[in-house]
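Predicted, not measured: the structure shown is a model, and the values here were computed from it.
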Amino acid sequence: MLALAITGWAPPPLTFTPHLEVRSRLLLSGESLGSGEVAQQALIGLGASRRAVEAEVSFQAVRGWQQRAGAVGVDGSFQPELAAGWVAIGGDLSENIEGRVVVGRQRLQLHDGRLLGDDDWDMGGRWLDAVQLDLQLAPLHASYVNARRFGLRGADPLGFGVNLLCVGAGAEGPEVSWLLDGVSLVDARHTDATSATTGAYGRLSWRRLRLRGEGYLQVRGELPGGLFSGEVGRVFGENERLVLSLALDVASGQGADRSVWVPVLGDTREFWGLVDLYKSPASYSDGGLTDLRLSARSRLLPQLSLEGAVHRFGRVDATGSGTGRGTEIDARMYWEILPMATLSTGGGLFLFSSDPSTNQSQFWVELHASF
């Protein structure tokens, strides 16, 4: 009987998932679209899973060709590098508690990417060496992340990295969905410039109404800084055929009682325009930054979607030559040619209030295939 039991037992199946991704992009930018760049990414990886254990290893190569002063220069040697390399263990810790831990090089994102985002616009992406712990006792949840970027200039490879703790509650329903989180983040990658960011994030979807709000206080040295953001939106049509939103961001700048807001590992392009003039705190250090934006998102066909936004940038106070910085107009289009291939195009135009001759613009076309 014992021999028959052993012979009839079989281990759980081991599942493999190969992944291949290719992206090619043409980008024109500058005052009159005079600067051109062609960038390519090739990524190949393999995932595996058995019961509660998952793992993935991926390699990628990224290369760009840029035109400078009539000559074409090549950025990068197109040598493969490790993009992802992580292992995850998850499952039920008890009858009501679920847990998961992920260790290794991985993509990370918190909420919409304000403090922590994967920066998908960057052709190489943002891969972090990290440990992520998740616990869930519905509707309560908690997450802890320790993230590092080895090779970051000036960072201590044995330091504490970026530590993030998020605790909150949320629920998803057919009529009402909500989320309310408290967030605490300590950026200790540079031992001489440690910062602490604390705040809250919340969103509410009630029928056709969409609300989002977040606010953070950031301490670096003696002067505190901060950021506040609020957004209200309305859905029209079935399956969110059209979504209109109005949002306001206020980020602190250098002043008598505040320091410049630093986005840590956030994805500024997701909030402050495709031209991305405010990715560096130095770009808005003289008086902070306000961004009043009206955005629209429409899915005209199942395979075709459009996005657009108008940004009005200003200063928090009347420092410098005035309160206005400029206006940016952005547009994107995504066309799913085949289930595994998407053609996207778009661009942005930044109109400076002070000197129209320095206006910035960009236009891009990208083909993305994923298998």
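Side chain to side chain, E231 and S229 fail the donor-acceptor criterion of an N or O pair below 3.5 Å. Under the 3.5 Å distance criterion, with hydrogens and angles disregarded, no donor-acceptor pair is assigned to the side chains of N239 and R241. Side-chain contact of S177 with E172: a donor-acceptor pair under 3.5 Å is present, judged by distance alone. No hydrogens or angles considered: a donor-acceptor pair under 3.5 Å links the side chains of R312 and T327. Neither side chain, Q218 nor Y216, offers a donor N or O lying under 3.5 Å from an acceptor on the other.
By the 4.0 Å N-to-carboxylate-O rule, R100 lies too far from E98 to be salt-bridged with it. Checked for salt-bridge contact, E81 and R105 miss the test: no charged N lies under 4.0 Å from a carboxylate O. With respect to D330 and R269, no salt bridge is recorded, no charged nitrogen being found less than 4.0 Å from a carboxylate O. The existence of a salt bridge linking R114 and D249 is confirmed by a sub-4.0 Å separation between a basic side-chain nitrogen and an acidic carboxylate oxygen.
Looking at residues two or more places apart in sequence or on another chain, you find a side-chain contact (heavy atoms from CB on, under 4.5 Å) between E238 and R208. With sequence neighbours left out, D120 forms a side-chain contact (heavy atoms from CB on, under 4.5 Å) with R23, R107, D118.
Heavy-atom minimum distance, L242 versus S298: CD1-CB, 4.0 Å. Summarising the geometry of V260 relative to P281, their closest heavy-atom pair is CG1-CB, 3.4 Å, with the distance given to 0.1 Å. Residues T197 and L115 come closest through the heavy atom pair CG2-CD2, 4.3 Å. In terms of heavy atoms, G117 sits closest to R126 at O-NH1, 3.1 Å. Here the closest heavy-atom approach between residue P224 and residue L217 is recorded as CB-CD1, 3.9 Å. Contact detail for L43 and A83: the closest heavy-atom pair is CD1-CB, 4.2 Å.
Under the ring-ring contact (aromatic ring centres under 6.0 Å, His included) criterion, the residue pairs touching residues 271-294 are W272-Y284, Y278-F313, with sequence neighbours excluded.
Panel note: side chain Q362, backbone L274; a donor-acceptor pair is recorded below 3.5 Å. At distances below 3.5 Å, at least one donor-acceptor pair connects side-chain atoms of T290 with backbone N or O atoms of G314. Looking at S259, its side chain does come within 3.5 Å of a backbone N or O of L223 through a donor-acceptor pair. Formation of a donor-acceptor pair under 3.5 Å by the S252 side chain with backbone atoms of G226 is found in this model. Of the possible polar contacts, one joining the N146 side chain to the F160 backbone as a donor-acceptor pair under 3.5 Å is found. At least one donor-acceptor pair closer than 3.5 Å links the side chain of N359 to the backbone N or O of F352.
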Start with the C-alpha gap between H111 and C166, add the side-chain angles, then the distance that decides, and say whether side chain to side chain contact (heavy atoms under 4.5 Å, CB included) holds.
CA-CA 10 Å; H111 302 140; C166 177; 4.2 Å; yes

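Using a 4.5 Å heavy-atom cutoff, the side chains of E37 and R25 are not in contact. L265 is not listed as a side-chain neighbour of D119, based on a closest heavy-atom distance of 4.5 Å or more.
Under a cut-off of 6.0 angstrom, the local environment of CG in D92 is crowded, with over 12 non-hydrogen atoms contributed by other residues, nucleotides or ligands.
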